[in-house]
Amino acid sequence: MTHLDSLYLTYKQALFDKAYEHLNPMQREAVFSIDHPLLVLAGAGSGKTTVLVQRIAFLIHYGNAYFDEHVPAGVSETLVEQLKSALDLPAETIRERFLPMFSADPCPAFRVLAITFTNKAANEIKNRLAATLPESSGVADIWAGTFHSICARILRSHGDLMGYAPGFTIYDTDDQKKTIAEALKVCNLDEKLLPIKTIQGIISRAKDHLMTPDDYLAEAKDNLRMKQVGRVYEAYQGLLRSSNALDFDDLIMQTVLLLKTHKEVRELYQNRFRYVSVDEFQETNPAQLELTVLLSGGYRNLMVVGDDDQSIYRFRGATIENILSFDRLFPDAKVVKLEQNYRSTSVILAAANAVIAHNEGRHEKKLWTAADEGEKITLHIAEDQNAEARYIVDTVQKEVARGNAAYKDFAVLYRTNAQANSIEKALARAALPYRILGGIRFSDRKEIRDAVAYLQLIANHADNLRLNRIINEPKRKIGAKTLEAIAMIAVEQGLSQFEVMETADKYVALERTKETLLSFANMINDLTALSKKLSLDALFDEVMDRSGYRQMLKDGGEPEAERLDNLEEFKSNILEYVKEAEEPTLTGFLEETALVADVDRYDESADALVLMTIHSAKGLEFPRVFLPGMEEGLFPSPQAAMEGPAELEEERRLCYVALTRAKKKLYLISAKTRLLYGRTLANPISRFVEEIPEGLLKKELLPSQRTSSYTGAFAKGHSETSFSSFGKATVGTNIFEKKSAPKEQLSPGDRVLHATFGEGQILSVKPMGADLLYEVLFERVGIKKMMATYAKLKKL
DNA sequence: CACGCTCTGCCTGCG
DNA sequence: GCAGAGCGTG
């Protein structure tokens with residue numbers, strides 16, 4: 001290489017570095033590295049999505065321009081001079097005028113695949129790509145989607161090779177449960193001995209590991225219980241097959257099996273995908289890893305991004321080993337660590353680093369920030385869960401009143417959804433704007449599931465589960481006996497249950513109900529014919545009218561009004577789909593309904609504080625974060641503490657995730673006693689709080705209004721001056737066992753009547769000496785506190 | 001069969 | 001504490 005050539009290469013790289021100066025050196029390294037496997041260990045708030053998006057944009061624009069050592073023929077001194085002086089130009093100009101000349105085999109957009117876990121992440125990547133790349137680059141052709149949507153897409157094209165007809169149905173967890181119940185019956189096993197939830201978990205984990213029922217049975221050997229589970233798994237899989245249905249785990253597993261066993265399909269995708277990226281790689285399971293390896297097997301340009309410290313889904317099959325040993329699977333992989341955090345203050349980071357350092361199995365890394373130290377972390381000890389909630393309310397009110405923050409700057413993140421209750425009550429009482437994430441999803445409502453089931457049956461007559469769901473919804477007087485007979489005939493004849501109904505007049509057993517069955521089958525067949533002609537929304541109306549479902553709700557009067565509204569909302573979802581989709585089809589819509597949960601109802605623009613579990617907060621950030629319930633026996637959860645070190649490490653990672661959500665300020669709250677699941681617990685402060693260096697904490701004591709009347713054993717770990725010891729968690733201690741209360745015990749939520757104040761609702765009950773202190777919200781006069789003995793409250 | 005009562009279990013949860 | 005399931009009765 002001549003001196004001129006090496007100057008050319010040096011200036012080329014310098015120009016790229018300059019054009020991408022908005023990225024830090026490690027981020028640039030990741031963006032420019034595209035011709036070998038790449039592991040990006042991206043700490044919390046280190047700009048991982050930016051890197052993922054920028055890298056795809058980069059390889060579409062410039063290919064391997066940065067590291068390519070090819071020098072074009074006849075590089076002149078003038079050119080080199082030009083490049084050198086270009087370094088003084090603004091980044092924008094360099095990008096426009098110089099970078100395109102370095103392009104080295106850029107990659108067409110359709111040959112790029114990006115896989116995520118959630119629709120939200122997939123959408124964010126799509127949107128950011130669309131904002132980064134011009135339309136002419138073919139940005140719309142990039143495959144970006146969730147593991148499940150990508151597999152569904154592959155199976156729609158090639159699933160027939162695995163025995164699935166293209167109109168297959170996707171079963172969700174609820175469908176799964178019902179099918180397992182059915183399988184248990186088939187196997188003549190009792191649900192009490194083998195709980196459905198347990199089997200569901202076992203089957204799901206088996207599929208995560210690509211184990212078929214046969215594999216599982218082989219593993220079971222002489223273990224009776226395993227053999228039983230294996231038989232249920234086998235029966236379950238048979239039921240799915242005969243309904244032409246796949247569950248979520250099947251989508252992945254069957255795609256992997258398809259790619260493994262069918263060379264032509266495998267090569268089709270391997271030749272197509274030159275670049276494969278996987279987000280949140282720490283949450284992948286073995287099947288997903290295998291899928292990733294297969295899809296990227298043609299070019300081996302696989303980039304995985306993740307943070308082993310943020311792996312929090314072990315309980316649903318995630319295998320942290322995937323990210324820990326990626327470099328062993330791909331010895332030529334480049335490893336890039338993104339350790340600069342752009343989110344939090346250094347106090348918050350120091351705390352998070354200190355906590356996570358207690359874990360053993362991890363890639364060593366340490367987040368740092370250029371940001372200020374920031375405020376210390378507040379540790380507040382509250383009397384009980386209500387005081388904890390009030391502390392949150394007070395703090396928010398105070399900060400908002402001072403003009404330090406808006407409501408939307410605050411998030412309350414908790415370990416379990418059950419904690420939301422007391423906090424929600426306090427917020428409602430104080431009339432603070434808030435929203436809660438979690439709870440029943442729109443698509444989980446009965447009426448929506450019913451409507452979808454009708455559509456699914458129309459799309460896939462073989463779907464026995466959906467058939468059974470709607471056959472008597474509305475009531476059609478088809479009894480359990482008839483349905484059993486149909487199911488039996490179907491199995492004997494090798495037909496679907498719907499086919500049996502269509503020909504009900506052929507079977508003696510169905511003599512009495514054949515009229516009803518035939519008319520039902522006719523209705524579905526008519527609707528199926530209509531589905532080929534009508535627009536989706538018109539079809540939906542026909543289904544709701546002809547089935548009598550809408551009428552049923554109308555007849556239901558007031559209580560069903562909300563359901564009718566929900567159906568209308570569902571219809572607007574259909575309309576939206578028809579408008580958005582390139583080629584709207586019934587199957588397409590159903591697939592979207594199955595794979596795309598609710599559109600995020602979390603409206604970030606509204607000025608309201610937000611409540612959610614730590615799990616659902618992953619990937620989000622908030623200026624100020626409350627972490628209530630920092631107690632042993634709650635966080636870490638008692639199950640985790642019992643099960644073993646691996647579970648405990650996962651809890652610690654969860655804590656790490658929680659801490660790193662905060663940008664400016666963290667409030668940790670620990671309650672001395674807590675009413676949870678109908679028991680009052682008195683647990684010491686969470687060990688995770690103890691792991692935070694004292695210097696980072698500001699211990700805030702109870703505003704001394706009620707000096708604790710609780711003394712003795714359970715208060716020890718909490719004594720305000722020294723809480724360094726955490727003893728055994730005293731789960732289940734019921735400290736209110738002694739019924740010190742007067743005659744009529746009222747409890748929060750009870751409606752009561754007062755002689756002067758009128759009707760109201762009990763908000764809280766506190767022991768006060770030998771008496772009880774009630775806090776009551778009256779409809780006319782607002783909140784009043786009163787002693788039970790004098791209040792003379794009448795329970796309504 | 002529909003309703004209401006009792007019993008039970010209960011962490012986190014993407015698709 | 002509460003929801004959902006299962007069971008028994010009118």
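In this text the structure is predicted, and so the values were computed from the model without any measurement. Proteins get letters first, then strands, A, B, ... in listed order; numbering begins at 1 in each. The figures that follow rest on heavy atoms only: side chains count, while hydrogens, waters and symmetry mates do not.
Judged by distance alone, the side chain of A/T284 and the main-chain N or O of A/F281 form a donor-acceptor pair under 3.5 Å. Judged by distance alone, with hydrogens and angles left aside, the side-chain atoms of A/Q200 form a donor-acceptor pair with the main-chain N or O of A/T173 at under 3.5 Å. Side chain of A/R476 to main chain of A/I471: a donor-acceptor pair is present (N/O by atom type, distance under 3.5 Å, no hydrogens or angles).
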Practice task
State the dot-bracket string of DNA chain B. Criteria: Watson-Crick or G-U wobble, both atom distances under 3.5 angstrom; notation: ( ) intrastrand, [ ] crossing earlier pairs, | interstrand, . unpaired.
Solution key: ||||||||||.....
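The residue A/E191 sits close only to the backbone: its heavy atoms come under 4.0 Å of sugar-phosphate atoms, none of a base. Residue-level contact check: A/K618 touches neither bases nor backbone, having no heavy atom under 4.0 Å from any strand.
Residues A/E650 and A/R653 are paired through a salt bridge, judged by an N-O separation under 4.0 Å between the basic side chain and the carboxylate.
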Handout entry: Contact letters for nucleotides 5-14 of chain B, in which S counts primed atoms plus P, OP1 and OP2 and B counts the base, heavy atoms under 4.0 Å
Key = -----BBBBB
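Residues A/M612 and A/R435 have side chains not in contact (no heavy-atom distance under 4.5 Å, counting atoms from C-beta outward). A/R225 is not listed as a side-chain neighbour of A/L193, based on a closest heavy-atom distance of 4.5 Å or more.
The cationic atom of A/R156 (NZ for Lys, CZ for Arg) lies less than 6.0 Å from the six-membered ring centre of A/F168 and within 45° of the ring axis. Taking the ring centre of A/Y236 as origin, the terminal cationic atom of A/R241 falls outside the region bounded by 6.0 Å and 45° from the ring axis.
As rounded to whole Å, 17 Å separates atom C1' of B/dG15 from atom CZ of A/R153. Whole-Å rounding puts the A/K207 NZ to B/dG15 C1' distance at 14 Å.
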